[in-house]
Colleague: 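The structure's right below; bear with me while I get my questions together.
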Amino acid sequence: MSTVEDRWHRVLLRQMRRAGLDLDALPQEPALTGLLDRISATYAEADQERYLNDRAFALSSGEMLELNERLRRAQATELAVERDRLQAVFDAVAIGLVVVATDGRVIDLNPSAEALLGSTSRSTVGLDLGEVLGPAPDDAASQSAFDALVSSARTGHAWRGADVHLATPIRRGFPANLAFAPLFDDLGPAGGVLAITDTTERAEAQAELAWRASHDALTGLLNRTALHELLHWSLDRRRVGGARVAVLFIDLDRFKLVNDSLGHAAGDALLVAAVTRIIAATRAHDTVARLGGDEFVILTEHIADPQEAMQLADRIVRALATPFTLDSELAFVSASVGVAVSDASSTAASLLRDADVALYRAKDAGRSRAVLFHQSMHDDVADRVRLERHLRHALDDNELSVAFQPIYTALDRRLAGFETLVRWDGPDGWVDPGLFVRLAEDTGLVGLMGDWVLESATDFMTLLSRRGLAHIALSVNLSSIQLGDPMLPARVAELVSRMGAPPRQLMLEITETALLAEPDLTRERLHELRACGVRVALDDFGTGYSSLSALRDFPLDALKIDKSFVGGMIDSGRDRAIVAAIISLGHALGMTIIAEGIETIEQCDAVTALGCDRLQGFLLGHPLTPADAEALVADALGGRP
Ligand code: C2E
Ligand code: MG
Ligand code: MG
């Protein structure tokens, strides 16, 4: 099966990783994969072209020696036919060939060399090589390469140099690969042949690729990756000089409205028009970057005091406050700007985060304004609210992914299944699931998020069953809020129907909070879910307040012993006794017992000795990406961890 590594060019993959894109979480949209395929193909073409150039380069100098040898033989035997043929080759090759005498005078040149040097052989022959060709001015590296060439020609040594910048009477500073092959006659060195390959096109293609990797295609501004790098670099430099750097985080207000009502083409046109205004408001040495969507950042250096940055921010706000005309329609967007100014401890990430916090304040205070970051804004509430704002976009922006942690049978340590765990690569890196799941619950986003996780899990299940691996079970965590949704059983039934594996392979994990908060509703919902054929497990058992006897009242298939007990078992006889009691009572009620959070061999052996059925924990396996989980399943077919 083809992996992402097979599919996309390594440079592209590196760029994507550097930009923090989780390849496995990319949506399988034809437009996106098509674009990535095209970029990958462009990289591959550039590789191919470079390879061909290098081959041509190697061949040309190797061939030159042979050509020269044969020329001499032809002359000696006066084989006119051979000489004519060699002359034809000399005239036809696309590489510029200049034959020079020992004293550096040009004796002959082929049409390709004439084209490169902008001369005809008549005007060039007899001139010193240095009069028709030289290094590009003010280019020390090319100057020394050229000096080495001249001295090799004089002493009769082979020489070659890549990417030397040449100047000729008609062209300044074009890149070329050079190879000098010495010729010898009976008396010794007799000049030689200089092969010149113009590599301008290749250099242009490389420059184009480099440009594309660091710029946003729509606006031509620097992209997020390039901005980060620039910011790092400029902070490092400023730190030495003591000057300050300001970051202005700009977000267009109501842009989504324009995009949704007038369409994406109008949205794009508006972004381009907004960029023109932003650039007009900046100073010559300010840098503007597009972070994505309607978010822009201005990086401005040499800031004497924060007010200077605020003046710039106010200019931006004013510049974007006037309506835009799009297809004879007026579009009203405005801009909110958050400003942060560096101090000695600033990093690229902290500066962007501070500017983002200030931006949030600007939006909160009524939009179309600029706010300067102050340390006091950095309280928990601001962080939380900011995180919440990002979480709202996380699903749309494909920042969520799932990881699969393996679960093994206790007795013979066979791979029994996985627990699906949601992951979020947020604005400042990975966010603790404990934190954002709670945030999602508080903000009503957990429904959407939970549906997405369920769908990702069943997609994975479908994939496994297509590969004939349907014996693997998959657990999915449910929030108590999801459990309260009357539509949940119908949705689960629908997902299970297209899973391609028996419904019982899907296990839903609920927490004690759900049992305790609304016991009657929960019991009914659990019955409905089990009627779909899926199984239900009680997660983190022992952290809530439900008693073992309360378990009888709920239709449960499995019990997961919380990691705090598993962790405490070795040192605490009490914890061990509790675990033993949970296992025997759970078994008496017909439940499967899973121990989670197993980190050491002692814990593993202890829970196994107590009769636990399934094992999960870092000792046996960390949460894996879907691709790694799939590979593990394939490996473990019949094997052991
Ligand atoms: P959980 O359901 O009890 O999941 C197990 C947690 O323990 C995971 O943390 C896992 O990475 C961690 N873990 C596994 N083995 C070990 C170990 O040996 N030692 C230690 N110290 N930890 C171990 P994670 O992924 O951070 O998830 C935390 C919690 O977030 C989960 O606890 C679950 O309650 C919640 N959660 C995760 N994904 C979802 C989801 O998709 N939906 C909902 N509603 N909640 C989720
Ligand atoms: Mg769980
Ligand atoms: Mg758990």
Side-chain angles (χ1 to χ4, degrees), residues 1-29 32-33 36-37 40 398-425 430 433 452-477 495-496 498-502 504-507 509 560 594-599 601 604 613-641:
M1 135 120 240
S2 84
T3 64
V4 279
E5 327 297 302
D6 294 337
R7 171 138 191 208
W8 290 315
H9 192 273
R10 64 190 190 297
V11 177
L12 172 65
L13 287 173
R14 198 163 56 231
Q15 295 281 1
M16 288 167 67
R17 291 209 171 101
R18 208 185 291 157
L21 289 173
D22 184 344
L23 301 175
D24 300 303
L26 283 182
Q28 295 302 314
E29 269 169 33
L32 177 62
T33 43
L36 289 172
D37 283 341
S40 186
N398 289 307
E399 287 175 357
L400 291 187
S401 55
V402 283
F404 297 103
Q405 186 177 27
I407 299 175
Y408 291 93
T409 57
L411 276 184
D412 51 3
R413 305 281 159 87
R414 272 183 304 107
L415 182 65
F418 292 98
E419 174 170 5
T420 313
L421 295 163
V422 66
R423 294 288 176 258
W424 179 24
D425 190 6
W430 296 99
W452 183 85
V453 173
L454 262 173
E455 204 157 319
S456 308
T458 43
D459 281 351
F460 185 64
M461 197 68 160
T462 311
L463 191 118
L464 293 185
S465 59
R466 267 204 214 115
R467 300 193 55 198
L469 305 168
H471 60 287
I472 297 293
L474 215 54
S475 308
V476 177
N477 292 287
L495 285 172
V496 160
R498 52 184 160 98
M499 197 163 72
R504 56 175 282 105
Q505 299 297 75
L506 183 66
M507 169 119 79
E509 295 189 4
K560 296 190 80 170
I594 304 159
E596 62 180 6
I598 298 176
E599 293 179 347
I601 294 179
C604 192
D613 306 292
R614 301 268 186 276
L615 310 172
Q616 177 183 1
F618 294 161
L619 175 73
L620 299 133
H622 282 263
L624 302 170
T625 62
D628 288 344
E630 196 192 337
L632 181 72
V633 180
D635 274 1
L637 263 183
R640 278 152 192 277

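Both backbone and side-chain heavy atoms feed into the values below; hydrogens, waters and symmetry mates do not.
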Colleague: Write down the atom of Leu495, the atom of Glu455, and the distance for their closest heavy-atom approach.
Modeller: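 Here Leu495 and Glu455 meet closest at CD2-CG, 4.1 Å.
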Colleague: Determine the minimum heavy-atom distance between Met461 and Ala473, stating which atoms define it.
Modeller: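 Minimum heavy-atom separation between Met461 and Ala473: CE-CA, 4.4 Å.
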Colleague: If every non-hydrogen atom of Arg423 is compared with every non-hydrogen atom of Trp430, which pair is closest and at what distance?
Modeller: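 The answer is CB-CZ3, 3.8 Å.
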Colleague: Under the side-chain contact (heavy atoms from CB on, under 4.5 Å) criterion, do Ile594 and Glu509 qualify, and how do the steps go?
Modeller: CA-CA 12 Å; Ile594 304 159; Glu509 295 189 4; 5.8 Å; no
Colleague: Run the side-chain contact (heavy atoms from CB on, under 4.5 Å) check on Gln616 and Ser475 step by step: do they pass?
Modeller: CA-CA 12 Å; Gln616 177 183 1; Ser475 308; over 6 Å; no
Colleague: Say you draw a straight line from CG of Leu620 to CD1 of Ile601; how long is it, rounded to the nearest 0.5 Å?
Modeller: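 Going from the CG atom of Leu620 to the CD1 atom of Ile601 covers 9.5 Å.
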Colleague: Contact between Pro406 and Leu632 at the side-chain level, heavy atoms closer than 4.5 Å - yes or no?
Modeller: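 Touching, per the 4.5 Å side-chain cut-off.
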Colleague: Taking atom CH2 of Trp8 and atom CG of Leu13, what is their separation to the nearest 0.5 Å?
Modeller: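 These two atoms lie 7.5 Å from each other.
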Colleague: Look up atom OG1 in Thr420 and atom CG in Leu506, then write down how far apart they are to the nearest 0.5 Å.
Modeller: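 Spacing of OG1 (Thr420) from CG (Leu506) equals 8.0 Å.
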Colleague: Distance from Asn398 atom CG to Asp425 atom CG, nearest 0.5 Å?
Modeller: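 Rounded to the nearest 0.5 Å, the CG-CG separation comes out at 11.5 Å.
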Colleague: Is Thr409 close to Arg614 at the side-chain level, that is, under 4.5 Å between some pair of heavy atoms?
Modeller: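 Yes, at least one pair of side-chain atoms sits under 4.5 Å.
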Colleague: Check the pair Glu630, Leu624 against side-chain contact (heavy atoms from CB on, under 4.5 Å), reporting the backbone distance first and the verdict last.
Modeller: CA-CA 9 Å; Glu630 196 192 337; Leu624 302 170; over 6 Å; no
Colleague: Test your reading of the model: is there a side-chain donor-acceptor pair from Asp613 to the backbone of Ala410, 3.5 Å cut-off?
Modeller: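 No, the answer is negative, given that no donor and acceptor are paired below the 3.5 Å cut-off.
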Colleague: Does Leu474 offer a backbone N or O that forms a donor-acceptor pair with the side chain of Gln505 under 3.5 Å?
Modeller: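 Answer holds: no.
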Colleague: Once you round to the nearest 0.5 Å, how far does SG of Cys604 lie from CD1 of Ile598?
Modeller: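 Atom-to-atom, Cys604:SG and Ile598:CD1 are 5.0 Å apart.
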Colleague: If you round to the nearest 0.5 Å, how far is CD1 of Ile472 from CZ of Arg414?
Modeller: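 Answer rounded to 0.5 Å: 9.0 Å.
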Colleague: Is there side-chain contact between Ile407 and Glu596, with at least one heavy-atom pair below 4.5 Å?
Modeller: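 No, side chains not in contact.
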Colleague: Quick check: closest heavy atoms across Ala629 and Phe460, and the distance to 0.1 Å?
Modeller: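 In terms of heavy atoms, the two residues are closest at CB-CZ, 3.7 Å.
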Colleague: Which atoms form the tightest heavy-atom contact between Arg413 and Leu615, and what is the distance?
Modeller: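 Arg413 and Leu615 have their closest heavy atoms at NE-CD1, 3.4 Å.
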Colleague: State, with a plain yes or no, whether a side-chain heavy atom of Leu12 is found less than 4.5 Å away from one of Arg10.
Modeller: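 They are not in contact (no side-chain heavy atoms under 4.5 Å apart), so the answer is no.
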Colleague: Mind checking whether Phe418 and Phe404 have parallel, tilted or perpendicular rings, split at 30° and 60°?
Modeller: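 Ring orientation of Phe418 relative to Phe404: perpendicular.
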Colleague: Please walk me through it: do Leu421 and Gln405 pass side-chain contact (heavy atoms from CB on, under 4.5 Å)?
Modeller: CA-CA 7 Å; Leu421 295 163; Gln405 186 177 27; 4.1 Å; yes
Colleague: Looking at Met499, is its backbone amide N or carbonyl O close enough to the side chain of Ser465 to form a donor-acceptor pair, meaning the two atoms are under 3.5 Å apart?
Modeller: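 Answer holds: yes.
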